[in-house]
Structure formats: C-alpha cells, structure tokens
Amino acid sequence: PTQGVRPLMIYCRTQWLTVNRVYIPNHTEKYSDFNQLSSLVRLGHKYQIEDVQNQALAALQRYFVPLIFEDLDRPAFHNICCDERGIELIHLARLTDTPSMLPIAFYFCVSLGSPIIDGWHREDGFVQHLAPEDLKRCFEAYAEVALRKAPMTQRIFNVGHSLDCQDPVTCAAELQDAYPTLSPAIRLINGWSDVIREYFRPHICSNCTKMLEERAVAERRAFWRELP
C-alpha cells in the first residue's frame, strides 16, 4: 500500500506546485482551473496529504469563493456563478468541514434552478449530486429567493430618468420600454453590468446608465450583507 500511495503523493505535490506557482506568487487570474483544484482537494483528503488539501482548498476559495463584496466582480467568480460547480463546492465544504464556503455555494445552486437535480459532471465522468438534505435546502431557499428577485429588479430598473439626465424624454421612454424585457434569471448578488450594457446603455444617456449601475450595486451589497 505504501508503494502504491507514493506515486500518488508525488503526483499531487507536482500538481500543487503547478497551481501554487501561478496562484500564490503572482495573485493573477491567469490560472483558474476549478476541476484541477477540486481534484487536488479530494485526493489530498482521501490520502491524508494535508498540505495539498489545505493549499488547494485555499486557492479554490481565493479564486472562486468571494469573501468580500468587491470579490463579486472578479472574473473567476463570474465564470462559476450560477452553474453546476456550486454542487461541487458544497460537496468540498462538507468533505473538508469548511462551512464558510456554504452560503455562496448554496446561492450558486439556488440560482441554477431545476438543473441542480442533474448534478455536477466531473471531467472523469463521475456525477456529483447534492445530498438529499442539501437538495431540500436548495428547494426551500429557491422559493424565498425567487420572491425577492422581482422587487429587487423593480427597485433597480423600474425607475424614471436620473436627476441630471441629458435627454429626459428619451431616457424615460427607453427605461419604461426595456424593463419588461429583462431576463427572469435570479440575480441578487451577481452583477447586472451585462444587462445594463445590452438592454439600456445603447439607448439612454451616460448619467442614467450610471444611475442604474449605482442602484444595482446598492441592491447587491444589501443582499450580500444578509448572507450568513
């Protein structure tokens, strides 16, 4: 058994050095392989290679789990937000007893909606599903979160033109016309910049665009503060 584990330990440490060389010294977004990091966490835990598990987990949290509000605008967060990788985050949080990862991981899963039932398909073909109790929590939370989406969206976008609007007649009309066409996706903490850019910015003045962006940030920040 010892001889069989040794090559695995060498592999894990080699893989971690690859991750560590890019993540830790440079603090850049160049390397954001969620699959490799989650694999290292699982292997490190299974074979009790604590330094690999802990450092890979720290890198995973740094790049995919926002700790402060400003982290929500990091590119890596947008790459994972509202997709099935939230399922893997919950699994890793349970596996390593890292409860600080759970609030945002549950938000990812709740925002995903019904596809959460299909699980997270890893690169090796294994499908990770949520435990029944965690799946139940997601469905219970979805109802509450869905009720909050419409009022938040309305507070951000169903408004008149800004006080310093450069073209009040046009902007008021465009704001009124664009609001009903917004996507129904749940967005409580992830950004609205792409929506503002697609639906509003080409048709309203810069001051009204700024007003929408400021309203969106204020609403997102308020919800972020409510997370455990």
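For clarity, every value in this text was computed on a predicted model and none was experimentally measured.
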(message) The criterion is ring-ring contact (aromatic ring centres under 6.0 Å, His included); which residues satisfy it with Tyr142, sequence neighbours excluded?
(response) none
(request) Please assess Trp224 against Ile104 for the test side-chain contact (heavy atoms from CB on, under 4.5 Å), listing each intermediate value before the final yes or no. (result) CA-CA 10 Å; Trp224 171 258; Ile104 196 65; 4.3 Å; yes
(request) Provide the full list of salt bridge (charged side-chain N to carboxylate O under 4.0 Å, His left out) pairs with a residue in residues 88-111, sequence neighbours left out, each pair given once. (result) Arg42-Glu88, Glu88-Arg122, Arg94-Asp134
(request) Would you please test Phe108 and Leu112 for side-chain contact (heavy atoms from CB on, under 4.5 Å) and show each step? (result) CA-CA 6 Å; Phe108 291 155; Leu112 183 64; over 6 Å; no
(request) Work out which heavy atom in Ala141 is nearest to a heavy atom in Val110; give both atom names and the distance. (result) CB-CG2, 3.7 Å
(request) If a pair satisfies salt bridge (charged side-chain N to carboxylate O under 4.0 Å, His left out) and one of its residues is in residues 152-175, list it, with sequence neighbours excluded. (result) Arg155-Glu219
(message) Run the side-chain contact (heavy atoms from CB on, under 4.5 Å) test on His161 and Gln176 for me, step by step, so that the C-alpha distance in whole Å, both residues' side-chain angles and the decisive distance to 0.1 Å come before the verdict.
(response) CA-CA 10 Å; His161 60 76; Gln176 185 176 9; over 6 Å; no
(message) Using 0.5 Å steps for rounding, measure from the CZ atom of Phe139 to the SG atom of Cys109.
(response) 10.5 Å
(message) Are there over 12 heavy-atom neighbours, none belonging to Glu140, within less than 6.0 Å of that residue's CD?
(response) yes
(message) Just verifying a value: how many Å separate Leu89 CG and Glu84 CD, rounded to the nearest 0.5 Å?
(response) 12.0 Å
(request) Ignoring hydrogens and angles, tell me if any N or O in the side chain of His91 forms a donor-acceptor pair with the backbone of Gln128 under 3.5 Å. (result) no
(request) Only one of Tyr179, Tyr199, Trp192 passes ring-ring contact (aromatic ring centres under 6.0 Å, His included) with Phe157; say which it is. (result) Trp192
(request) Would you give the length of the straight line joining atom CZ of Arg197 to atom OG1 of Thr209, rounded to the nearest 0.5 angstrom? (result) 11.5 Å
(request) Please report the closest heavy-atom contact between Ile189 and Leu72, naming both atoms and the distance. (result) O-CD1, 3.5 Å
(request) Determine the minimum heavy-atom distance between Ser38 and Leu60, stating which atoms define it. (result) N-CD1, 4.5 Å
(message) Using the rule given for side-chain contact (heavy atoms from CB on, under 4.5 Å), can you reason through Val195 versus Leu212, listing the C-alpha separation, both sets of side-chain angles and the distance that settles it, and then say yes or no?
(response) CA-CA 10 Å; Val195 173; Leu212 294 182; over 6 Å; no
(message) I need the minimum non-hydrogen distance between Gln61 and Thr98, along with the two atoms involved.
(response) NE2-CG2, 3.7 Å
(request) Looking only at non-hydrogen atoms, find the nearest pair between Ser100 and Pro103 and report the distance. (result) O-CD, 3.6 Å
(message) Counting C-beta onward and ignoring hydrogens, is there a side-chain heavy-atom pair between Ile49 and Leu43 closer than 4.5 Å?
(response) no
(message) On a heavy-atom basis, which atom in Cys171 and which in Cys205 lie closest, and how many Å separate them?
(response) SG-N, 3.3 Å
(message) Other residues, nucleotides and ligands only: do more than 12 of their heavy atoms fall within 6.0 Å of CD on Glu50?
(response) no
(message) Would you say CD of Glu226 has more than 12 non-hydrogen atoms from neighbouring residues, nucleotides or ligands within 6.0 angstrom?
(response) yes
(request) Measure the CG-CD1 distance between Leu130 and Ile90 for me, rounded to the nearest 0.5 Å. (result) 5.0 Å
(message) Please report the interatomic distance CD1(Ile204) to CD1(Ile196), rounded to the nearest 0.5 Å.
(response) 8.0 Å
(message) Side chains of Val159 and Met211, heavy atoms from C-beta outward: is any pair under 4.5 Å?
(response) yes
(message) So for atom CG, which belongs to Leu163, do other residues, nucleotides or ligands contribute more than 12 heavy atoms lying within a distance under 6.0 Å?
(response) no
(request) Measure the CD-CD1 distance between Gln154 and Ile156 for me, rounded to the nearest 0.5 Å. (result) 11.0 Å
(message) Quick one: does any side-chain atom of Ser39 pair with a main-chain N or O of Asn35 as donor and acceptor, under 3.5 Å?
(response) no
(message) Please tell me whether Val127 and Leu92 are part of a single hydrophobic cluster in this structure, the criterion being side-chain heavy atoms less than 4.5 Å apart.
(response) no
(message) Around atom CD of Glu144, are there more than 12 heavy atoms from other residues, nucleotides or ligands closer than 6.0 Å?
(response) no
